[in-house]
Amino acid sequence: MAKAEASMTQPSLVGVGAGTAKFSAAEWHRRRRSQILAAHPEVRELASERDEWVSALGLLLLPWYGSVLLHSPDMPPLELCLNAFGVGSLRANWAIYCGHAISHGRWRRLAGPFGTARFNALLAGVNVGHVFQVVPSYWLLHHSHHTRLGSLPLLEARERARRGRQTDGDLGIATRLFSPPARKYRLVLDRSGAELPRQGEGEHQLLNLLVHAAAPLAFAGYVAAALRADDGEGASAALRRSLALQAGAQLACYICVAAYCSLAHSAAPLAFYLGSSAVWLSPLNPNWAMEAPPLPLPQPTVSFYTPRNAAGAALDAYLGFENYHVEHHDFPEMPMYLLPRLRQIAPEAYDSLRAMPILEPATWAELLTGDFFYACQDRTLLGRERRAGEGSDERS
């Protein structure tokens with residue numbers, strides 16, 4: 001991929017040390033943010049807009065989801081599949097939107113400080129019915145995804161997470177403790193720079209299904225790990241408590257759905273419950289593309305733009321505006337439905353970057369076949385820099 005990636009590099013608003021040994025994605029975004037605000041002060045108003053009203057959409061989506069679950073034993077397979085892509089994905093994207101708002105403190109007035117009863121209850125509530133690849137700790141650690149991602153290798157991050165300590169916040173590297181080794185991305189194994197290659201997409205999706213099938217064991221494992229962690233080893237009591245509550249809530253949901261399957265003498269409710277999350281994470285759903293590959297330094301992530309018409313706006317909404325990934329990392333406190341407006345206000349900040357149009361076949365071909373690290377990382381502990389150097393040697 002080194003040769004292919006080299007041709008993708010585009011001029012960016014801010015060039016940050018592409019040739020240095022360490023690269024800070026957080027600093028890259030901070031410098032971009034400062035320049036955007038200096039050129040467009042009106043962006044401050046967008047970033048300060050309140051969006052707690054989005055949480056009220058759960059009053060529509062959760063009963064809708066629950067109704068489908070309740071009537072799933074009587075649904076033909078095709079209707080159940082359509083609902084998995086429909087309300088299942090809408091419900092999942094709403095949870096992702098809410099998770100971002102809660103973890104970044106954007107809904108602090110609504111959720112309260114990290115680790116409080118109100119925070120834990122709201123986070124558990126918005127994730128009811130969304131298994132999210134069996135990672136209940138993701139939103140508890142997500143804030144460091146913007147500041148520390150890539151600072152720990154796989155083995156070290158997992159060990160820290162097992163002891164209830166803060167990791168670098170990465171979904172694929174640090175927090176999947178009790179699930180099969182599904183590797184959607186190339187991973188740095190340890191500080192020697194040893195790497196694990198990305199799995200083929202077919203193998204990854206098979207493991208993804210196994211992860212969802214083993215969900216109750218994973219949830220129970222998270223609860224046990226949170227309860228047995230030793231505060232003397234640097235574990236955060238608030239993190240442990242929140243992890244236990246989030247995993248416990250998801251375990252309780254799974255048990256309730258499984259009990260309903262027994263009463264209804266049908267596996268359809270559990271199939272819909274797990275399948276809607278598994279489908280959301282598969283190439284059958286455009287949301288899958290949001291887990292983007294990084295680009296050559298100094299552009300650590302990429303946005304997936306839609307056509308600038310009504311259909312594109314509808315697709316943006318379906319994706320929960322998660323496809324504006326560079327914009328989100330520039331302004332994580334901004335309501336995500338305003339990110340397209342940010343791009344319009346500051347086109348010089350985004351039009352010069354490399355993007356991946358989500359409806360173009362070339363985008364999907366690259367995502368399906370490329371061997372890449374996870375996006376947004378500060379560094380990959382020699383792995384990414386070494387591969388970039390090898391690519392330079394090959395081209396010279």
Side-chain angles (χ1 to χ4, degrees), residues 8 46 49 51 53-58 60-62 64-65 68 78-101 126 129-130 132-133 171 184 201 205 208 275-293 295 299 301-332 334-347 349-351 353-370 375-376:
M8 300 175 192
L46 291 184
E49 182 166 323
D51 64 339
W53 64 269
V54 175
S55 63
L57 293 177
L60 170 64
L61 290 170
L62 293 180
W64 183 10
Y65 182 91
V68 172
L78 178 58
E79 184 179 357
L80 203 59
C81 287
L82 291 176
N83 275 303
F85 282 95
V87 64
S89 288
L90 290 173
R91 182 262 165 285
N93 284 330
W94 173 76
I96 299 302
Y97 188 105
C98 294
H100 274 113
V126 300
H130 182 39
F132 197 46
Q133 209 165 355
L171 170 65
K184 183 177 176 62
E201 191 61 32
Q205 290 302 324
N208 185 31
S276 57
S277 285
V279 164
W280 187 84
L281 290 160
S282 80
L284 299 174
N285 194 305
N287 291 281
W288 172 85
M290 299 308 101
E291 302 177 34
L295 302 173
Q299 185 178 336
T301 188
V302 63
S303 289
F304 294 82
Y305 294 135
T306 59
R308 295 190 176 185
N309 53 33
L315 184 54
D316 283 342
Y318 177 78
L319 296 170
F321 303 93
E322 180 81 6
N323 47 320
Y324 291 84
H325 207 224
V326 178
E327 290 84 347
H328 170 61
H329 276 256
D330 286 344
F331 293 89
M334 183 179 292
M336 297 184 74
Y337 57 81
L338 293 177
L339 296 178
R341 176 64 179 150
L342 170 63
R343 181 192 175 200
Q344 293 175 356
I345 291 175
Y350 299 103
D351 290 351
L353 296 178
R354 196 258 174 151
M356 301 181 79
I358 197 166
L359 295 182
E360 289 191 2
T363 292
W364 289 85
E366 181 178 344
L367 293 176
L368 284 166
T369 60
C376 315

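Counting from 1, the numbers follow the sequence of the chain as shown.
In terms of modelled atom types and a separation under 3.5 Å, the side chain of Trp280 and the main chain of Phe85 share no donor-acceptor contact. A side-chain donor-acceptor contact under 3.5 Å links Thr363 to the backbone of Pro357. Remark: side-chain polar atoms of His100 are paired, donor with acceptor, to backbone N or O of Ile96 under 3.5 angstrom. Judged by distance alone, the side chain of Trp94 and the main-chain N or O of Val126 form no donor-acceptor pair under 3.5 Å. One N or O on the side chain of Gln299 and one on the backbone of Arg354 form a donor-acceptor pair closer than 3.5 Å. Of the possible donor and acceptor atoms, one in the side chain of Asn309 sits under 3.5 Å from a partner among the backbone N and O of Gly312.
In this structure, the ring of Tyr305 has its center less than 6.0 angstrom from the ring center of Tyr324.
The CG atom of Asn323 sits 12.0 Å away from atom NE2 of His328, with the distance rounded to the nearest 0.5 Å. Atoms CG and CD, from Asn287 and Glu322 in turn, are 8.5 Å apart once rounded to the nearest 0.5 Å. Note: Leu90 CG to Asn83 CG = 10.5 Å, rounded to the nearest 0.5 Å. Going from atom CG of Leu57 over to atom CZ of Arg91 covers 12.0 Å, rounded to the nearest 0.5 Å. The CZ atom of Arg341 sits 11.5 Å away from atom CD of Glu49, with the distance rounded to the nearest 0.5 Å. Atom-to-atom distance recorded for Glu360:CD and Glu366:CD is 11.0 Å, nearest 0.5 angstrom.
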**Steps toward side-chain contact (heavy atoms from CB on, under 4.5 Å) verdict (Asp330, Tyr350)** = CA-CA 11 Å; Asp330 286 344; Tyr350 299 103; 2.7 Å; yes
Might you work through the side-chain contact (heavy atoms from CB on, under 4.5 Å) test for Leu359 and Thr306, ending with a clear yes or no?
CA-CA 7 Å; Leu359 295 182; Thr306 59; 5.8 Å; no
For Arg343 and Asp351, run side-chain contact (heavy atoms from CB on, under 4.5 Å): C-alpha distance rounded to whole Å, both residues' side-chain angles, the deciding distance at 0.1 Å, then the answer. CA-CA 8 Å; Arg343 181 192 175 200; Asp351 290 351; 4.0 Å; yes
Can you check side-chain contact (heavy atoms from CB on, under 4.5 Å) on Met336 and Val54, steps first, answer last? CA-CA 11 Å; Met336 297 184 74; Val54 175; over 6 Å; no
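Smallest separation of non-hydrogen atoms from Gly320 and Tyr97: O-CD1, 4.0 Å. Considering all non-hydrogen atoms of both residues, Gln205 and Trp288 come closest at NE2-NE1, 4.0 Å. In terms of heavy atoms, Tyr318 sits closest to Pro286 at CE2-CG, 3.9 Å. Nearest heavy atom pair, residue Pro283 against residue Leu368, reads CG-CD2, 4.0 Å. Of all non-hydrogen atoms in Ser276 and Gly88, the two that sit nearest each other are CB-CA, 4.0 Å. What you find for Leu46 and Ile345 is that their closest heavy atoms are CD1-CD1, 3.6 Å.
The aromatic rings of Phe321 and Tyr337 stand perpendicular to each other, their planes meeting at an angle above 60°, with 30° marking the opposite boundary.
Within the 4.5 Å cutoff, no side-chain heavy atoms of Asp51 are placed close to those of Leu338.
In summary, the side chains of Asn285 and Ser89 do present a donor paired with an acceptor at a separation below 3.5 Å, with no hydrogens or angles considered.
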